[in-house]
Chemist: 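Quick one: the structure is below, and I'll ask about it shortly.
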Amino acid sequence: MFGACYGFDLICAEQVLIRKQIIRHTDPVKIKLVAVVPFEDQAAKWNERDREKYFNVLSKCDEVITLNKQYQSGCHYERNRYMADNSSRLVCYYDGSGGGAGYMVEYAESKSISIVNILDSHIVQERKHKRAAQMHQ
C-alpha cells in the first residue's frame, strides 16, 4: 500500500513495483501495491512531469482507494492511518524529520508494523532505541 502523494511515496511505490517484477519470476509470493489517495484532485496543482509519473504509478497499482472527493483538513493523516491500519509492512523514505512521514512512522510503530526505510534503515532503529530509553527513565 502506498500513500499516493508527491515525491517520496512515489519513490517507494516504484521500488515495490520493481520488487514485484523480480519476485514474480523467482517466487510465487504475491506482493500487492495499493494506492491510497487522500482526495481525488490531489495532483491537480503539480507540474506536468510529476503528474505523469504519479498517474503512471497509479496505473500499475493492483488497487486505488480514494478516501475523499475533495481536500479536507487532516486528509493526509487520515490516509496515513488507513494505510497503517491495513498494512503488514511500511516501506518509507524517511530522513528522521517530523511532518507527515514522521507521523506515519510513529503511527506504524504504535501498531507494531514492520518498517523498511529505504533512505536509511538505522534512523528508524535509533528512534526505537531513544523511545525505549525514554520509557525506562
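Computed from a predicted model, the values in this text were never measured in an experiment. Positions are given from 1, in the same order as the sequence printed here.
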Chemist: Indicate yes or no: at least one non-hydrogen side-chain atom of Tyr94 is less than 4.5 angstrom from one of Ile115.
Modeler: no

Chemist: Got a donor-acceptor contact below 3.5 angstrom from the Asn47 side chain to the Asp50 backbone?
Modeler: yes

Chemist: How long is the gap from NZ on Lys32 to OG on Ser88, to the nearest 0.5 Å?
Modeler: 11.5 Å

Chemist: When you look at Asp85 and Tyr107, which way does the side chain to side chain contact (heavy atoms under 4.5 Å, CB included) test go after all the steps?
Modeler: CA-CA 9 Å; Asp85 292 341; Tyr107 189 78; 2.9 Å; yes

Chemist: Heavy atoms, side chains only, cut-off 4.5 Å: are Leu67 and Pro38 in contact?
Modeler: no

Chemist: Relative to the ring of Tyr77, is the ring of Tyr103 parallel (under 30°), tilted (30 to 60°) or perpendicular (over 60°)?
Modeler: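 It falls in the perpendicular class, over 60°.
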
Chemist: If you apply the rule side chain to side chain contact (heavy atoms under 4.5 Å, CB included), what do you find for Leu90 with Val105, and how did you get there?
Modeler: CA-CA 8 Å; Leu90 168 65; Val105 168; 4.1 Å; yes

Chemist: So do Val37 and Tyr54 actually touch side chain to side chain, heavy atoms under 4.5 Å?
Modeler: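 Yes, at least one pair of side-chain atoms sits under 4.5 Å.
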
Chemist: Carefully, step by step, assess Arg89 and Val116 under the rule side chain to side chain contact (heavy atoms under 4.5 Å, CB included).
Modeler: CA-CA 7 Å; Arg89 178 172 292 163; Val116 177; 3.6 Å; yes

Chemist: Between atom CZ of Arg51 and atom CD of Gln42, what is the distance when rounded to the nearest 0.5 Å?
Modeler: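 The CZ atom of Arg51 sits 12.5 Å away from the CD atom of Gln42.
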
Chemist: Hydrophobic clusters here meaning ILVMFWY residues chained together by side-chain heavy-atom distances under 4.5 Å, can you tell me if Ile65 and Met83 are in one?
Modeler: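 Yes, because Ile65 and Met83 connect within a single hydrophobic cluster, where side-chain heavy atoms sit under 4.5 Å apart.
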
Chemist: So, taking the atom named SG in Cys75 and the one named CD in Gln70, what distance separates them when rounded to the nearest 0.5 Å?
Modeler: 11.0 Å

Chemist: Looking at Glu63, I want to see if its CD is surrounded by more than 12 non-hydrogen atoms of other residues, nucleotides or ligands under 6.0 Å.
Modeler: yes

Chemist: Test of understanding: with side chain to side chain contact (heavy atoms under 4.5 Å, CB included), list the residues that count as partners of Asn56, not counting sequence neighbours.
Modeler: Ser59, Lys60

Chemist: First locate atom CG of Asn80, then atom CD of Glu106, and finally report the distance between them rounded to the nearest 0.5 Å.
Modeler: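 Here the rounded value is 11.5 Å.
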
Chemist: Distance from Ser73 atom OG to Glu78 atom CD, nearest 0.5 Å?
Modeler: 11.0 Å

Chemist: Counting C-beta onward and ignoring hydrogens, is there a side-chain heavy-atom pair between His76 and Phe39 closer than 4.5 Å?
Modeler: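 Side chain of His76 against side chain of Phe39, heavy atoms only: contact under 4.5 Å found.
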
